[in-house]
Amino acid sequence: MAPDVAVEIRDAHKSYGDVQALRGVTLGVRRGEFLTLLGPSGSGKTTLLHAIAGFHRLDRGSVIAGGTDITHLPAHRRGFGLVFQHYALFPHMTVRDNVAYPLRIRGVPPADRTARVQEYLELVELGQHGARFPEELSGGQRQRVALARALVFGPPLLLMDEPLGALDRRLRQSIQFRIKRIQQELKATVIHVTHDQEEALAMSDVIAVMRDGLIEQVGTPLDLYLRPATPFVAGFIGETNRLNVELIAADGAGPRAQHVETGQIFPIGSGADGSILAPGPALLCVRPEHVRIGGSGSSGLKGDLVTKTFMGDHWRYEVKIGPSTLVVKDTDGGRAGELTTPAAAWIDLDSSVQIFRDVAPRDRAS
């Protein structure tokens, strides 16, 4: 275990009857890092978090924290901070007493408790609310109390299980940035579970994308967005367009592909390395902001522009090409005024297109 790794999960397996929730997961979290476990329902992310917390016992594998094997250590002896979706505050205690509880059961003297509780209430911007009860607070304020309580005793690891799931969208976004600021200020090590891609991108230093009990890819938000390793990651992190194609050997016209459903041949840019451009079937994935609507002289794919929607900071177009619908995001609005629906449209893809070979049937464009 490297000295800067706070927690490491090795070859974790967990089944519930015939359901394999974890199928050999190995993952390390560095000290001071904010890592998010991201995936759809049933991907194994919550099972993995609960195994780290000590709530679930692994069938096989180990959990190492600070160089010590804690696989069989009960949850209450692991000393981790926990924040859940539903706050789990004591309703009969004031805010101050809720935050003080972890210190009290650890035998911290009253004077030290009082100072430390106030420090952490100020940290979550609730310094004037110590005498209130949970029922007197908003959902966002209760979640901040839960965060202060989880951090006040200085845990080596903070585990957060869908902590913002019960909040409305605007409040969720506000608290995302507040949690990230606090984490950076304290240099806290955090493992966070969510199914919300935007939340993961906004808060994380590193994201581990999970599916079917396995990790598909681990990387920074930027890496996952720009360089997805699989079609699933390309589609789960942000929005992507998928095209089933047959790659054509490059000639003087550069790399090209034939759209399987319509037979159209079009250029795909030269961003990929030569080996992946070898002739044969492939799946193209391209972000909506990397697609452009060209003029009638374009050499790109021809389709039908079916919708045009103003989204505030961009125009969103949907173009029907055979059985598929491609989404285009135009952030400068340069051609917005001249485009009408329905109308013929020509689509150009830039060099940011991702090319995947040997794609499983469920990952192909449908």
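In this chain, numbering begins with 1 at the start of the sequence shown.
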**Student:** Hey, is the main chain of Ser352 close enough, under 3.5 Å, to the side chain of Asp350 for a donor-acceptor pair?
**Tutor:** yes

**Student:** Applying the 4.5 Å side-chain criterion to the ILVMFWY set and letting contacts propagate, would Phe55 and Ile191 be lumped into a single cluster?
**Tutor:** yes

**Student:** With a 3.5 Å cut-off and no angle check, do the side chains of His192 and Glu162 form a donor-acceptor pair?
**Tutor:** no

**Student:** With a 4.5 Å cut-off on side-chain heavy atoms, are Pro288 and Val328 touching?
**Tutor:** no

**Student:** Give the minimum heavy-atom separation between Leu82 and Ala150, together with the two atoms involved.
**Tutor:** O-CB, 3.5 Å

**Student:** Decide whether Gln20 and His13 meet the rule of one side-chain donor and one side-chain acceptor closer than 3.5 Å.
**Tutor:** no

**Student:** With a 4.0 Å cut-off on N to O distance, would you call Asp196 and Arg172 a salt bridge?
**Tutor:** yes

**Student:** Honestly curious: do Phe177 and Val145 fall in one hydrophobic cluster under the side-chain, below-4.5 Å linking rule?
**Tutor:** no

**Student:** Output yes when Asp313 and Lys329 qualify as a salt bridge under the 4.0 Å nitrogen-oxygen rule, no when they do not.
**Tutor:** no

**Student:** Got Arg113 and Val152 here, is their nearest side-chain heavy-atom distance under 4.5 Å?
**Tutor:** no

**Student:** Within this structure, what is the CG-CZ distance for the pair Leu89 and Arg142, rounded to the nearest 0.5 Å?
**Tutor:** 8.0 Å

**Student:** Begin with the C-alpha distance, continue with both residues' side-chain angles, and end with the deciding distance and a verdict on side-chain contact (heavy atoms from CB on, under 4.5 Å) for Tyr120 and Arg144.
**Tutor:** CA-CA 10 Å; Tyr120 275 78; Arg144 281 186 275 159; over 6 Å; no

**Student:** Could you check whether Asp4 pairs with Arg31 (Lys NZ or Arg NE/NH1/NH2 to Asp/Glu carboxylate O, under 4.0 Å)?
**Tutor:** no

**Student:** Look at the aromatic rings of Trp315 and Phe310 and report parallel, tilted or perpendicular, splitting at 30° and 60°.
**Tutor:** tilted

**Student:** Compute both the distance and the angle, then confirm whether Arg242 meets the cation-pi test with Phe356: under 6.0 Å from the six-membered ring centre, within 45 degrees of the axis.
**Tutor:** no

**Student:** Under the side-chain contact (heavy atoms from CB on, under 4.5 Å) rule, what do Leu247 and Arg357 come out as? Steps first, then yes or no, please.
**Tutor:** CA-CA 10 Å; Leu247 298 179; Arg357 312 299 294 258; 3.3 Å; yes

**Student:** Can you see whether His50 engages Asp161 through a side-chain donor-acceptor pair at a distance of less than 3.5 angstrom?
**Tutor:** yes

**Student:** Verify whether one side chain among Thr262 and His259 offers a donor that lies under 3.5 Å from an acceptor in the other.
**Tutor:** yes

**Student:** Do Arg316 and Glu318 sit within salt-bridge range, that is, some charged N less than 4.0 Å from a carboxylate O?
**Tutor:** yes

**Student:** How close do Ala344 and Asp304 get, heavy atom to heavy atom, and via which atoms?
**Tutor:** CA-OD1, 4.3 Å

**Student:** Hey, is the main chain of Val193 close enough, under 3.5 Å, to the side chain of Lys45 for a donor-acceptor pair?
**Tutor:** no

**Student:** side-chain contact (heavy atoms from CB on, under 4.5 Å) for Leu243 and Leu301? Distances and angles first, verdict last.
**Tutor:** CA-CA 11 Å; Leu243 294 168; Leu301 282 163; 3.9 Å; yes

**Student:** Quick check: do Leu48 and Met210 have side-chain heavy atoms less than 4.5 Å from each other?
**Tutor:** yes

**Student:** Can Arg106 be said to sit on top of Phe153's aromatic six-ring, NZ or CZ under 6.0 Å from centre and within 45° of the ring axis?
**Tutor:** yes

**Student:** Do Asp212 and Arg23 come close enough that some side-chain heavy atom pair is under 4.5 Å?
**Tutor:** yes

**Student:** Rounded at 0.5 Å granularity, tell me how far OG1 in Thr230 sits from CD in Gln354.
**Tutor:** 10.5 Å

**Student:** Are a donor atom and an acceptor atom from the side chains of Thr331 and His314 found within less than 3.5 Å of each other?
**Tutor:** no

**Student:** If the threshold is 4.0 Å, N to carboxylate O, is there a salt bridge linking Asp205 and Lys180?
**Tutor:** yes

**Student:** How far apart are the closest heavy atoms of Ala6 and Thr189, and which atoms are they?
**Tutor:** CB-CG2, 3.9 Å

**Student:** Nearest 0.5 Å, please: how far is CG in Leu37 from CG in Leu27?
**Tutor:** 6.5 Å

**Student:** Could you go step by step and tell me if Ile52 and Val29 meet the side-chain contact (heavy atoms from CB on, under 4.5 Å) rule?
**Tutor:** CA-CA 12 Å; Ile52 297 168; Val29 186; over 6 Å; no

**Student:** To the nearest 0.5 Å, what is the distance between CD (Glu199) and CG (Leu38)?
**Tutor:** 9.5 Å

**Student:** So, taking the atom named CD1 in Ile237 and the one named OH in Tyr225, what distance separates them when rounded to the nearest 0.5 Å?
**Tutor:** 10.0 Å

**Student:** Working to the nearest 0.5 angstrom, can you tell me the gap between Leu22 CG and Leu214 CG?
**Tutor:** 9.0 Å

**Student:** Step by step, would you call Arg181 with Glu125 a salt bridge (Lys or Arg N to Asp or Glu O under 4.0 Å)?
**Tutor:** CA-CA 12 Å; Arg181 176 181 56 78; Glu125 300 178 16; 3.1 Å; yes

